[in-house]
Amino acid sequence: MADKITPRAVDYSQWYIDIVLNAKLADYSPVKGSMVIRPRGYAIWERIQAEMDRRFKETGHENAYFPLLIPMSFLQKEAEHVEGFKPELAVVTHAGGEELDEPYCIRPTSETIIWAMYKNWIQSWRDLPLLYNQWANVMRWEKRTRLFLRTSEFLWQEGHTAHETKEEAEEEALRMIEVYRSVVEETLCVPVLMGRKSEAEKFAGAVHTLSIEAMMQDKKALQAGTSHFLGQNFAKAFEVQFQNREGKLDWVWATSWGTSTRLVGAVIMTHSDDKGLVLPPSLAADQLVIVPILRNDTKAMVLEYCEKLLGELKAAGIRARLDSDDSQSTGWKFAEWEMRGVPIRLEVGPKDIAAGHVMMARRDTGEKLAVQAAAVVATAKETLAAIQKNLFERAKKFRDDNTHTITDYEGMKAFFGLAAEDSAGTAAAKGGFAEALWCGDPVCEKKLKTETKATIRCMPLDRQTGIDGKCALCGAPAKHRAIFARAY
RNA sequence: CGGGAAGUAGCCUAGCGGCUAAGGCGUCAGGUUUGGGACCUGAAGAUCGCGGGUUCGAUCCCCGCCUUCCCGACCA
């Protein structure tokens with residue numbers, strides 16, 4: 001029947017769009033570059049959000065909310081910051097039928113307005129640390145948008161913390177990127193590399209930026225979260241000083257960190273296949289669906305059996321549902337639930353009931369096997385756990401299989417291909433992650449980007465020892481070990 | 001923001017300077033079915049993306065705009 005999903009091998013971009021649209025996760029809106037997140041997509045975000053929020057609270061953070069509109073002059077206080085965001089600002093010039101004395105921009109991020117407030121709230125070391133987070137929408141006027149991955153308006157959380165010392169702030173930035181790593185790997189089943197950004201890739205206004213980087217199925221990198229050590233840059237821009245334990249005035253040390261609805265895109269791209277969405281059980285609104293095989297003569301009996309089974313599954317804490325709709329054929333329902341990404345499907349027909357078992361199909365592997373009636377609940381629980389584990393392992397294997405050590409510039413060009421002969425857009429694209437030594441010179445990085453489109457995604461924190469060799473780009477003595485890739 | 005492509009019912013597509021814009025999927029009603037995207041009958045559903053122009057007449061030709069997709073530039 002209708003091939004609703006373009007296969008990955010034909011057109012990876014189109015495949016992704018087909019999944020998002022057909023699984024009803026999101027839709028285009030009448031507003032350029034802005035999407036509507038539909039209930040099935042929002043449900044995924046809510047689960048990510050819940051897990052993140054729980055861990056923020058566990059690490060001592062509190063939620064707050066700051067205004068959507070930011071006076072333009074605030075942005076201008078931090079030179080590098082305004083320079084970085086200027087091209088993507090949306091600005092409000094009129095309100096209440098009059099032109100405003102000073103235009104407001106719609107927040108692209110909230111450092112400036114938050115630090116304008118921190119100035120009022122911080123006087124003494126006793127006021128520190130300040131560990132705030134906010135869940136909000138932000139707007140960055142992007143030239144080129146993609147559902148979930150890059151839209152003009154998106155949902156995110158942004159943490160903004162203030163500290164007494166440099167060490168404390170650096171620890172915080174590291175603590176939060178580690179929180180991100182654990183949520184993304186454990187809850188989203190997306191393996192990531194955790195590392196430091198190069199100067200060229202860091203946040204505008206940060207001293208340094210840490211990020212987690214994932215590999216999508218087309219071997220391109222996706223930044224899944226960032227945590228910034230802001231030094232005293234914003235404290236100085238907003239004149240936030242405090243009296244330290246010695247009674248002297250000092251500038252406050254800062255961090256900020258964020259993750260967004262882009263994570264939903266990361267989950268989709270990492271796990272899904274040509275049949276549709278594949279979701280980790282931890283994020284699936286429906287973890288299991290029972291599809292009864294309905295025949296006129298046995299319908300009542302089968303449904304009764306399924307209702308009872310449904311009750312048992314729910315009692316065991318499994319998010320289960322029964323698809324008793326008899327206006328659709330069984331085959332249609334199989335395909336539909338697969339497209340929606342439900343991790344486990346149970347097929348229950350008169351023959352199964354007579355044989356004392358039900359059929360259990362796994363979304364991740366496609367395996368289908370008979371499970372004895374008495375063991376269904378326990379097997380379902382085990383299988384959900386197995387799927388959660390398998391998705392991570394499978395994605396990790398894919399990433400590792402597509403990560404190679406490269407030692408020279410010719411090797412880089414061969415690995416990524418030249419920018420001009422771009423094969424992106426198909427799953428057969430060249431490249432992957434190139435692990436290579438780097439001298440630290442932005443000129444090298446720029447040259448590679450121009451010629452191959454590959455950039456430094458991060459310098460993994462756990463791979464900076466034993467660096468003894470030459471920069472793979474220029475041959476000068478290396479200072480860092482970096483991961484290079486084409487990125488979203 | 002530059003180059004290319006597209007926009008006809010919820011979705012996919014046909015069409016043609018001219019009579020009532022055609023078909024498939026889906027939807028709704030009824031019936032028959034249901035172990036991998038079933039079938040029959042009937043029904044509803046279109047400002048042909050928006051605006052202007054050419055013309056006796058425009059969904060079709062021309063111009064402008066909007067939106068999406070691909071490529072490029074840009075990019076937390």
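In what follows, chains carry the letters A, B, and so on, assigned in the order in which the sequence lines appear, proteins first and then strands, with residues in each chain numbered from 1.
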### Task
Evaluate the side-chain hydrogen bond (donor to acceptor under 3.5 Å, both in side chains) criterion for residues A/Thr255 and A/Thr161: first the C-alpha distance (whole Å), next the side-chain angles of each, then the deciding distance (0.1 Å), finally the verdict.
CA-CA 5 Å; A/Thr255 79; A/Thr161 67; 2.5 Å; yes
### Query
Could you walk me through whether A/Arg262 and A/Gln223 pass the side-chain contact (heavy atoms from CB on, under 4.5 Å) check?
CA-CA 9 Å; A/Arg262 170 180 257 200; A/Gln223 181 173 296; 3.8 Å; yes
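A 4.5 Å side-chain heavy-atom check between A/Phe234 and A/Val252 finds every atom pair outside the cut-off. Between A/Phe154 and A/Val138, the closest side-chain pair of non-hydrogen atoms falls below 4.5 Å.
Of the options A/Arg457, A/Arg399, A/Lys220, a salt bridge (Lys or Arg N to Asp or Glu O under 4.0 Å) to A/Glu213 is made by A/Arg457 and by none of the others. With A/Asp286 as the partner, the salt bridge (Lys or Arg N to Asp or Glu O under 4.0 Å) test is satisfied by one option alone out of A/Arg340, A/Arg363, A/Arg321: A/Arg321.
For B/U59 and B/G3, the C1' atoms lie 27 Å apart once the distance is rounded to whole Å. Nucleotides B/G49 and B/A58 are separated by 16 Å at their C1' atoms, to the nearest Å. Rounded to a whole angstrom, the distance from the P atom of B/C11 to that of B/C50 is 14 Å. With both ends at atom P, the span from B/A44 to B/G36 equals 35 Å, rounded to whole Å. Nucleotides B/U13 and B/A76, compared at atom P, are 36 Å apart to the nearest Å. Nucleotides B/A14 and B/A21, compared at atom C1', are 10 Å apart to the nearest Å. B/C48 and B/G15 are spaced 11 Å apart, taking the C1' atom of each and rounding to whole Å. B/U41 and B/C56 have their C1' atoms separated by 45 Å, with the value rounded to a whole Å.
The side chain of A/Tyr28 approaches B/C69 more closely than any other nucleotide in the set B/G35, B/C69, B/A73. In the set B/G36, B/C75, B/G37, the nucleotide with an atom closest to the side chain of A/Glu142 is B/C75. Here the side chain of A/Thr226 is nearest to one of B/C70, B/A76, B/A38, namely B/A76. Nearest nucleotide to the side chain of A/Ser329, out of B/A76, B/G35, B/A38: B/A38. The A/Thr145 side chain lies nearest to B/C69 when the options are B/C75, B/C69, B/G37. For A/Ile293, the side-chain atoms get nearest to B/U34 when compared with the rest of B/C1, B/U34, B/G36. Closest contact between the side chain of A/Ala335 and the listed nucleotides B/G37, B/A73, B/A76 involves B/G37. In the set B/U34, B/A76, B/C75, the nucleotide with an atom closest to the side chain of A/Leu294 is B/U34. Of the candidate nucleotides B/A38, B/C70, B/C75, B/C70 has the atom lying nearest to any side-chain atom of A/Arg146. If you check B/G35, B/C70, B/G37 against the side chain of A/Glu336, the one that comes closest is B/G37.
Each of A/Lys143 and A/Glu338 lies near RNA chain B, and the nucleotide nearest A/Glu338 is the one positioned closer to the 5' end. Comparing A/Ala224 and A/Leu147 against RNA chain B, the residue whose closest nucleotide sits nearer the 5' end is A/Leu147.
Taking atom OH of A/Tyr180 as the reference point, atom P of B/A76 lies 17 Å away to the nearest angstrom. Atom CD1 in A/Ile5 sits about 13 Å away from atom C1' in B/C11, given to the nearest Å. Rounded to whole Å, atom C1' of B/G30 lies 14 Å from atom CG of A/Asp326. Taking atom CH2 of residue A/Trp337 and atom C1' of nucleotide B/G35, one finds them 18 Å apart after rounding to whole Å. The nearest whole Å value for the distance from the CD atom in A/Gln14 to the P atom in B/C11 is 15 Å. Atom OH in A/Tyr12 sits roughly 17 Å away from atom C1' in B/C70 (whole-Å rounding). In this structure, CZ of A/Phe234 is placed 13 Å from P of B/A76, rounded to the nearest angstrom. Atom CZ in A/Phe85 sits about 10 Å away from atom C1' in B/C75, given to the nearest Å.
If you check every strand for non-hydrogen atoms under 4.0 Å, A/Thr109 touches nothing. Using a 4.0 Å heavy-atom criterion, one finds that A/Lys32 contacts the sugar-phosphate atoms exclusively. A/Gly33 comes within 4.0 angstrom of the backbone, heavy atoms only, and of no base. As judged by a 4.0 angstrom heavy-atom cut-off over every strand, A/Lys368 is placed among the base-contacting residues. Across all strands shown, A/Lys299 has no heavy atoms under 4.0 Å from either base or sugar-phosphate atoms. The residue A/Pro292 sits apart from the nucleic acid: no heavy atom pair falls under 4.0 Å. Using a 4.0 Å heavy-atom distance criterion, A/Glu347 is classed as a base contact.
For B/A76, the OP1/OP2 oxygens have no side-chain nitrogen or oxygen of A/Arg140 closer than 4.0 Å. Side-chain N/O atoms of A/Thr330 include none lying less than 4.0 angstrom from OP1 or OP2 on B/A38. Side-chain N/O atoms of A/Asn296 include one lying less than 4.0 angstrom from OP1 or OP2 on B/U33.
The six-membered or imidazole ring of A/Phe56 lies near that of A/Trp257, with a centre-to-centre distance under 6.0 Å. Aromatic pair A/Phe229/A/His208: centroids less than 6.0 angstrom apart. Aromatic rings of A/His81 and A/Trp115 (six-membered ring for Trp) have centroids beyond the 6.0 Å cut-off, not under it.
For B/C74, its base never sits under 3.5 Å from the side chain of A/Arg144 at any donor and acceptor pair. No hydrogens or angles were tested; on distance alone, nothing pairs the side chain of A/Gln328 with the base of B/G37 as donor and acceptor under 3.5 Å. No hydrogens or angles were tested; on distance alone, nothing pairs the side chain of A/Glu201 with the base of B/A76 as donor and acceptor under 3.5 Å.
Counting all heavy atoms, side chain and backbone alike, A/Thr259 lies closest to A/Trp156 at O-CB, 3.1 Å.
With a 6.0 Å cutoff to the six-membered ring centre and a 45° limit on the axis angle, A/Lys413 does not count as a cation-pi contact of A/Tyr409.
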### Query
How does RNA chain B read in dot-bracket, base by base from 5' to 3', with Watson-Crick or G-U pairs under 3.5 Å and | used when the partner is on another strand?
(((((((..((((....[...)))).(((((.......))))).....(((((..]....))))))))))))....
